[in-house]
Amino acid sequence: MAISISLTVNGSPVTANVEPHTLLVQFLREQLRLTGTHVGCDTAQCGACTVHLNGRAIKSCNMLAVQAEGQEITTIEGLSKNGELHPMQAAFRECHGLQCGFCTPGMVMSATALAETNPDLTEDDVRRQLVGNLCRCTGYHNIVKAVIQGAAGMKAGATA
Ligand code: FES
Ligand code: FES
């Protein structure tokens, strides 16, 4: 039996009917058509499905849609503002922090949440704290560079 939920997604109120077993990632991709959030494993291993729940990075394959009732969700589609890339997205582009791009939305969402809590990230911080996001292409080096540059860009934007 479907259950009605109300939440905020990328700053807009959303009300929808979901099945009790619908995962948050399924709800975002299949009902809201926010397909920037990817599914790489469905078992909370890869981080491709990472979104923000009230500003905190979470794996949306590991949470039911009904658990998002009343919460605030941000997906990769909600990061850019006024047609401008978020500083973390811009840094991934500038530093070549992606190849196929499959992991990238989840990487960017984890990285932005991380940079919010620690704007002065070191390489060691990034390598340790993004351990829950897997990339099969890049070898991580440029991702680490991108995250450090993106965090600096976020800090500069916050103090501008
Ligand atoms: S799809 Fe959620 S962690 Fe892999
Ligand atoms: S860029 Fe291909 S999986 Fe990361």
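Each ligand, and each atom within it, is numbered from 1 in the order the structure gives.
Residue Val25 does not touch ligand 1, judged by heavy-atom distances below 4.0 Å.
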Requested in this report: Start with the C-alpha gap between Thr112 and His52, add the side-chain angles, then the distance that decides, and say whether side chain to side chain contact (heavy atoms under 4.5 Å, CB included) holds.
Outcome: CA-CA 9 Å; Thr112 50; His52 293 177; 3.1 Å; yes

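When each atom of ligand 1 is checked for a heavy atom of Cys46 under 4.0 Å away, the hits are 1 (S), 3 (S), 4 (Fe). Interface atoms of ligand 2 facing Gly101, defined by a heavy-atom separation under 4.0 Å, are 1 (S), 2 (Fe). Proximity to Cys49 (heavy-atom distance under 4.0 Å) selects the following atoms of ligand 1: 1 (S), 2 (Fe), 3 (S). Each of the atoms 3 (S) of ligand 2 lies under 4.0 Å from some heavy atom of Arg136. Residue contact check: Gln45 has heavy atoms under 4.0 Å from atoms 3 (S) of ligand 1. Listed by number with element, the atoms of ligand 1 under 4.0 Å from a non-hydrogen atom of Ala44 are 3 (S). Every atom of ligand 1 is numbered from 1 in the order shown, and the set under 4.0 Å from a heavy atom of Cys41 is 1 (S), 3 (S), 4 (Fe). For ligand 1 and Gly40, the ligand atoms under 4.0 Å from any heavy atom of the residue are 1 (S).
In terms of protein heavy atoms, atom 3 (S) of ligand 1 is closest to Gly47 N, 3.1 Å. Looking only at heavy atoms of the protein, atom 1 (S) of ligand 2 is closest to Gln99 N, 3.2 Å.
When side chains are defined from C-beta on, Ile76 counts as touching Gln89, because their heavy atoms get closer than 4.5 Å. At least one side-chain heavy atom of Phe27 sits less than 4.5 Å from a side-chain heavy atom of Ile5. Inter-residue side-chain proximity for Ile3 and Asn17 is flagged as unmet; no heavy-atom pair is nearer than 4.5 Å.
Not one N/O/S atom of Cys137, from backbone or side chain, sits under 2.8 Å from atom 4 (Fe) of ligand 2. Using a cut-off of 2.8 Å, one finds that Cys135 contributes no N/O/S atom close to atom 2 (Fe) of ligand 2.
Atoms OG1 and CG, from Thr15 and Leu7 in turn, are 7.5 Å apart once rounded to the nearest 0.5 Å. Here the CG-CD1 distance, from Asp125 to Ile148, works out to 8.0 Å after rounding to the nearest 0.5 Å.
The side-chain contact (heavy atoms from CB on, under 4.5 Å) test with Ile73 is passed by exactly one of Val14, Leu24, Thr8, Asn10: Leu24.
Other residues, nucleotides and ligands contribute only 12 or fewer heavy atoms inside 6.0 Å of the CZ atom of Arg56.
Side chain of His38 to main chain of Ala48: no donor-acceptor pair is present (N/O by atom type, distance under 3.5 Å, no hydrogens or angles).
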